[in-house]
Amino acid sequence: MDLELTPTGKPGELLPNVASGPRSVSWWGMALLIATEATLFALLIASYWYLRFRNGPVWPPKGIEAPSLTLPLIMSAILWASSAPVHFADRGIRNGNQKRLRYGLLAGFLLGLTFLILQVAVEYPPALKIHPPSSGVYGTLFFSLTGLHGIHVLVGLLISVWVQARAWRGAFDRHRHVTVQNFAMYWHFVDTVWLFVLATVYLAPRI
Amino acid sequence: MTTLAEPLEELWSEEPGLGTWLSTVDHKRLAKKYLYTALAFLILGGIEASVMRLQLAHANLKLLDPETFNQLFTMHGVTMIFLFSVPVFSGFGVYMIPLMIGTREMAFPRLNSFTYWVFLAAGLFMYSAFLIGRVPDAGWFNYTPLADKPFSGGVNIDFYALGLIFLGISTTGTAINFLTTIFKMRAPGMTLNRMPIFVWGELAMQVSLLFAQPALTLATVMLMLQRHWHYHFFDAAAGGDNLLWQHLFWIFGHPLVYIIVLPGLGILATILPTFARRPMVGYTWVVLAEMATAFIGFGVWVHHMFATDLPAMSISFISLTSFLVAIPSGIQVFAWLATLVTGKIVLKTPMLFVLGFILIFVIGGVSGVMAASVPFDQATTDTYFVVAHFHYIMAGVAIFPVLAAIYYWGPKIWGRLLHEGWGKVSFWLVFVGFNLAFFPMHLLGLLGMPRRIYTYQAGLGWDSYNLVETIGTFIMGIGILISFINWFWSIRHGERAGNDPWSSETLEWATSSPPADYDFETIPEVRSLHPTWDQPELKDGSQPPELGGRPLAEGHRVLATSLLDATPEAIVDMPHDSIWPFILTVSLTLFFYGALTRIAVFAAVGGAATAISVLGWIWPRGQTQEM
Amino acid sequence: MRPTGEVGFVEWERARRRLWRACALVVLASSTGCAASSPSVLHAKGPAERQVTGLWWSMLAVSVVVIVFVVVMGGWGVVKTRRRREEDIHRDVPWGDRFILISGIGITGAILVAFFLVSLRSMATLARARPSSVEITITGHDWWWEARYPNGAVTANEIHIPAGERVQINLRSADVIHSLWVPELAPKIDLIPGRENEMWIQANQPGQYRGQCAEFCGLQHAHMIFFVIADTPADFNTWMQDMAAPALAPATPIAVQGQQVFLSNTCIGCHSIRGTSANGQLGPDLTHMATRATIGAGTLPLTPQTLTQWILAPEQIKPGVTMPPTSLTPDEVRALVTYLLSLGFKS
């Protein structure tokens, strides 16, 4: 399928009716949304460091152990791994490859879902017993930062369901795919934020 | 050329009636909604101020009890800032930016509708507190611990926090919409250095909002979590810090004042050249100054906290940045002055408001510079001196450029000129009243009167100044009312304006008054910073195709161009009217009331309705570019 | 361009400028004049505030010059260009860039940096550590001030200091954020729960200096007033010793009855009278309350009538006050008032 060009009315000028990347209006919408959400995370992380240093050198505070690294590292591997199939899907549809699109999105979704289940069903219950948000500033910060990130993962999964549904109905092709691109941008953003959450919440207390 | 008018009218008109009143995505109709709603909130905020001024007119008056007074000053601040100033400049932007940059719509028309309805809903949400007498009462900056549960046990503060979270959805959406429109939809040839200063001002405003809003959202969410779920962000006993609230609030709050000032200065930079009959001197400097103000404005927030005994090093640094942020404002003032002396001044009503504002802005600016001096600020913060400073700037920019814009752009929007004579009467009343109302406050602060007190004792030497201020407030109020009456009267009975009554330089004057539904018959190609002065072929928005005009009449479509040089890149199909933004707003409102009342059923139903509305909105209908 | 509304304008313009000059004069005159009875920042009575007034006058002078310049140049533009013809306007203004950069960045920048450096020097002067002759801990409550002295003296709302000597103040809060502001003596510093802030004050001469809370703290923020009373150093030492001493014993039968009323009612839940069994910590210390001039943190002068009203129904005087009304008989109240008003110094 070739890109259809339409005359604009100015003599000799023909322009496409679809666009992707920075040429697309909706791409900018997603990029700006990511900018504002990134700022939200940056401020929460800054608040974490601010309160941490106001509470003195001992962190976590006395009576709470630094979080174990095993589960978070496994979760990180899974989450970051999920970016690969999503990228694969995005590249695929740029070349018109429907199969890569569909299965890439599906794989990414499943990995992301695993991450979220591990966080909510495996990591949280014991943490809630030891340091719930109401127990003090450490619990408050732990659950706020990981929780905000988790909510963004959940939203990403919901968007993924939508994009997959449309992909399976053949809505995208080599020219018309900015929605996939926008989703991929969002997903990679969420994965990048996890790096900072990991560093702040899990790695830093051990330094 | 008029052979295009019919098919374009077909494509771009909306059915009259209640249906499209709820579902319209036409930027002009939505902009008018923004303006009417914002001005209604101005009246509410003005009533709140007037009642407070009556209470303060003399010592020991008992017109208001302290709780009512505290509610009034809180809602006065919230209303004037969040529900009037920011939306009114967004409203003018929504109307004028597409016209000034030579396109037919905002980038995301349904988002435009949504952000309006959420603004209205969030404002009504906060004001519904009056129905149950549980109005927010901890001040518009709502410091903890006063705003925390132990000291504010009722739902008052919940109205505040949830209302602002709700409103934040609108401001974020507006910022995304404006920026995408300005970046991607300028007419071919409108390179960045041919963009009107008003558009730059709105750009600076919306960029700042994009980065500042998250700080407020974060702070208010943290507050709700602490109030109801026992989180400990701000409570010192559990390791939190009350100053965290202040930092987050002012990281938002200081850029906010530039968010309000910059579009106002943009309006000034549109009207002043028109009535000086010449382009702005130093366009480049003015534009750079606007952007610099927005940028530096993110680095001064701690000056709201000079009295909190923070470390001297950080306070000194912020004092320096707070002094330096005045430089870009100074640059703009000198550009205006240079324009005034090298042009030919025409003293129509919009120009009077502009000239009055220049003086008021400079007075407010010098008192602000004084406040950057730490010891002086420590003496005058939280007193009437700083109340004077911020009213000179904030009330100044919210009143003078806005009234100027009503007189200047009113004819474009409604097709009728406002009455000049009454305009002048209004100006003088507003100008005199404003200065009577706010100038004595400088002195009151120096004479020891703190702010936010519902009464004061006799014998302190404060009475006569307060009385003058009260009188001034009412004079100013009458002046503003006269303009409003003039405005509404003129919509019906004013002299017809024609396309370009003021002989202005920007593209909106190349359309009819009011513009047709499709704005421009052909998307113009722009070859100058002053298109309507320099390109005579721009008549009635129908630049012929040989000269660059693109009809784009085969669909409901606009042109997307590149970021820096505005070279055409793609044709974009725009959505038609949709009821989903409105339904989504209603769903969210239900959700927020559920959160407020802690009634799970409301929140759950609201949440489910939200999900359904989002689906309804994005469900593909084959008419637009896919989501 | 229609010439409506421009007839008679030049007269308007002249009148406007005259009006402005008149207003400015009135304002400047009144700024120094009517301040006699006000707790004014401009009438600095201590070295800290003197720094502030120094900054004020120098910044005001420069500001007035700036405003005059803007008015003159703007006014010039308005008046002189009316007769210019549009055809004579030159788009190109060769001096434009230079003017904007020199005034906007050069001169403005120089003025701002100068202000900054002068302010910095003031800050350094204010921050310079010097020995203080006494250290007072002031705790802010809704809506009164607690003052504790190193020798055990405790009082409320009237803070005595030795004149001519530096006093260190440690600032705490029992509930929400307050701010200690005594305009004639010092800039303000906040009292923040969970933080220990510090400031110093010094009064040049003996006298009474009015202060008020300057951070919105709830319902009665308007009535959280205090007085800094500077005594000669000798008088101050006497005062501090007197204030630290236990309460005077009731001297008359009515006063004895009053003390009984006090000790057997809910008063002791919040108030202390040192030397008796009353040791409440939530409200002001009443050990020597008769030496204070006001009640309710400056709300009303202290008289038998106001004290009676206050005891029976404090929320009528200060709505929202934490102190609950009491249900005492008129006799009991009379006795209690007599007792409380006898709680002075033995001298």
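Just so you know, these numbers use all the heavy atoms, side chains as well, and skip hydrogens, waters and symmetry mates.
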When heavy-atom pairs shorter than 4.5 Å are enumerated against chain C, which of [options] gives the highest number?
options	value
B/A147, B/S316, B/A312, B/P150	B/S316
B/V366, B/D377, B/T308	B/T308
B/M305, B/Q378, B/Q332	B/Q378
B/V369, B/T381, B/L324	B/T381
B/V286, B/T339, B/T342	B/T342
B/D241, B/D65, B/T144, B/V333	B/D241

Which atoms of [X] come close to chain C, meaning under 4.5 Å heavy atom to heavy atom: side chain ones, backbone ones, both, or neither?
X	result
B/A289	neither
B/M351	neither
B/F385	side chain
B/Y456	neither
B/Q246	side chain
B/F376	both
B/P279	side chain
B/S367	neither
B/Q457	side chain
B/H442	neither

Heavy atoms only, distances under 4.5 angstrom: which of [options] has the most pairs with chain B? Name it, please.
options	result
C/M199, C/E184, C/Q51, C/H223	C/H223
C/S173, C/A127, C/S63, C/A48	C/S63
C/L171, C/I111, C/D175, C/I67	C/D175
C/A186, C/G194, C/G218	C/G218
C/I225, C/L112, C/V118	C/L112
C/R85, C/K80, C/H90, C/M123	C/M123

Less than 4.5 Å to any heavy atom of chain B: does that hold for the side chain of [X], its backbone, both, or neither?
X	value
C/T53	neither
C/P187	both
C/L120	side chain

Geometric cation-pi criterion B/R452 and B/Y143, 6.0 Å radius, 45° cone
no
Once the angle between the rings of [X] and [Y] is folded into 0 to 90°, is it parallel (under 30°), tilted (30 to 60°) or perpendicular (over 60°)?
X	Y	result
B/F323	C/F116	perpendicular
B/F73	C/F216	perpendicular
B/W422	B/H419	tilted

Ignoring hydrogens and angles, tell me if any N or O in the side chain of B/Q55 forms a donor-acceptor pair with the backbone of B/F69 under 3.5 Å.
no
Donor-acceptor contact below 3.5 Å, side chain B/N70 vs main chain B/A138:
no
Using 4.0 Å as the upper bound for N to carboxylate O, is an ion pair formed by [Y] and [X]?
X	Y	result
C/R172	C/E196	yes
C/R91	B/D534	yes
B/K344	C/D88	no
B/K424	B/E420	yes

Cut-off 3.5 Å, side chains only: do B/D137 and B/T74 have a donor facing an acceptor?
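Side-chain D/A pair, B/D137 to B/T74: absent.
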Without hydrogens or angle criteria, can the side chains of B/Y454 and C/Q220 be said to hold a donor-acceptor pair below 3.5 Å?
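Their side chains do contain a donor-acceptor pair, which is all the 3.5 Å distance test asks for.
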Quick one: are C/H178 and C/I192 in side-chain contact, heavy atoms under 4.5 Å?
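Not touching, per the 4.5 Å side-chain cut-off.
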Is C/R84 atom CZ crowded by more than 12 heavy atoms from other residues, nucleotides or ligands, each under 6.0 Å away?
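Yes - once you tally the heavy atoms of other residues, nucleotides and ligands closer than 6.0 Å, there are more than 12.
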For residues 95-105 of chain C, which side-chain N or O atoms pair as donor and acceptor with protein atoms under 3.5 Å away, sequence neighbours left out?
from, atom 1, to, atom 2, distance (Å)
C/D97, OD1, B/W285, NE1, 2.9
C/S103, OG, C/F99, O, 2.3

